[in-house]
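So that we are looking at the same thing, I have put the structure below in structure tokens.
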Amino acid sequence: MVSLTAPYVSGFLAFREVPFLLELVQQLREKEPGLMPQVLLVDGNGVLHHRGFGVACHLGVLTDLPCVGVAKKLLQVDGLENNALHKEKIRLLQTRGDSFPLLGDSGTVLGMVSGQPSPSLSQALRSHDHSTRPLYVSVGHKMSLEAAVRLTCCCCKFRIPEPVRQADICSREHIRKSLGLPRPPTPRSLTQRPVACPRGDSGESSGEAPSPQRQADRTAPGGCRSTAHCQVG
DNA sequence: GCGACAG
DNA sequence: ATCTTGTCGC
């Protein structure tokens, strides 16, 4: 468990979370090199950012590991808007793996919107609610957007990629056990969790979702939680 | 009051 | 992020 001090400010997520994620990767390098992931799925954006350098880029450069930015909401930058047209494109995504590029005013493809990862989920939501939300995938470091989208999609059992989802679940559980239920008077709890996946030769590559390996949770003023996950191809 | 808002 | 409301599926 760690304690964050920097507040969350849109556009500056990396300054709040990268220090701790980087430390975890470094600890893994020296203590469990065999568990070093080949790629990290980061809960946030890569080049889909105000300055073209989101948290996934930061972590990638500092760790020298391939990174993918996976956001749940569109960061409206470079002219990109979560407007009616955008929503219509999302609505047209029909099957698992369907996606469309996010082309900014600058002419740069900043990322891809990935459709319903789960067939069952998409069908259920489509029949009753068109609000099924996509994932916003962007390049973080050392990987093409196409590969990033494919990898992300392959990690999805449900909407959120399993490495990210498990880190989320585990960190919440950790906080629940150590701090108990959050109380209104006290600062909100915030967590952060990186997940590591073993390389193919380890017993884990049984074709299943990468299991969460490590997590670092931290509480801070204004708490929040973020995750960096790693996944093996 | 309204729009924005990665986590 | 967190919270609330509503709906469907298991």
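Residue numbers start from 1 in every chain, and the chains themselves are labelled A, B, ... in the order their sequence lines are given, proteins ahead of strands. Heavy atoms only: backbone and side chains are in, while hydrogens, waters and symmetry mates are out.
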Could you tell me how far C:dC3 sits from B:dC5 if I compare only their C1' atoms? Round to whole Å. 16 Å

Neighbour count >12 (heavy atoms, 6.0 Å) for atom CZ, A:Phe12: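 No - once you tally the heavy atoms of other residues, nucleotides and ligands closer than 6.0 Å, there are 12 at most.
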
N or O in side chain of A:Lys72 less than 4.0 angstrom from B:dG7 OP1/OP2: yes

From B:dA4, C:dT2, B:dG7, nucleotide with atom closest to A:Gln76 side chain: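 Selected nucleotide: B:dA4.
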
Are the side chains of A:Leu151 and A:Leu41 in contact, using a 4.5 Å heavy-atom criterion?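 Heavy-atom side-chain distance check passes, below 4.5 Å.
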
Could you tell me how far apart A:Asn83 (CG) and B:dG3 (C1') are, to the nearest whole angstrom? 14 Å

d(CG, A:Leu75; C1', B:dA4) in whole Å: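 In whole Å, B:dA4 C1' and A:Leu75 CG are 10 Å from each other.
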
Just checking A:Gly11: base, sugar-phosphate only, or nothing, at a heavy-atom cut-off of under 4.0 Å?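 Counting heavy atoms under 4.0 Å across all strands, the contact made by A:Gly11 includes a base.
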
Rounded to the nearest Å, what distance is computed from the CG atom of residue A:Leu13 to the C1' atom of nucleotide C:dA1?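 Between C1' of C:dA1 and CG of A:Leu13: 11 Å.
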
Would you say a side-chain N or O of A:Arg51 is under 4.0 Å from OP1 or OP2 of B:dA6? no

Protein-nucleotide distance (A:Tyr136, atom OH; B:dG7, atom C1'), rounded to Å: 16 Å

Give one of base, sugar-phosphate or nothing for A:Phe15, where a contact means two heavy atoms less than 4.0 Å apart.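 The residue A:Phe15 makes no contact with any strand.
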
Donor-acceptor side-chain pairing of A:Glu30 and A:Gln26 below 3.5 angstrom: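 No, because no side-chain N or O of A:Glu30 sits under 3.5 Å from a partner of the opposite role on A:Gln26.
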
Nearest whole Å is fine: how far is B:dG7 C1' from A:Tyr8 OH? 5 Å

Atom-pair distance (CG on A:Leu21; C1' on B:dA6), nearest Å: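 Checked: the CG to C1' distance equals 14 Å.
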
In this structure, how many angstroms lie between the P atom of B:dA6 and the CZ atom of A:Arg16, rounded?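 Going from CZ in A:Arg16 over to P in B:dA6 covers 13 Å.
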
How many whole angstroms separate atom CZ of A:Arg172 from atom C1' of C:dT2?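 So the CZ-C1' distance, A:Arg172 to C:dT2, works out to 9 Å.
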
Would you say the rings of A:His86 and A:Phe100 are close, in the sense that their centroids are separated by under 6.0 Å? yes

Using the P atoms only, state how far C:dT2 lies from B:dG3, rounded to an integer number of Å. 25 Å

Close aromatic pair by centroid cut-off 6.0 Å: A:His49 and A:Tyr136: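 No, they do not, as the ring centres are separated by 6.0 Å or more.
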
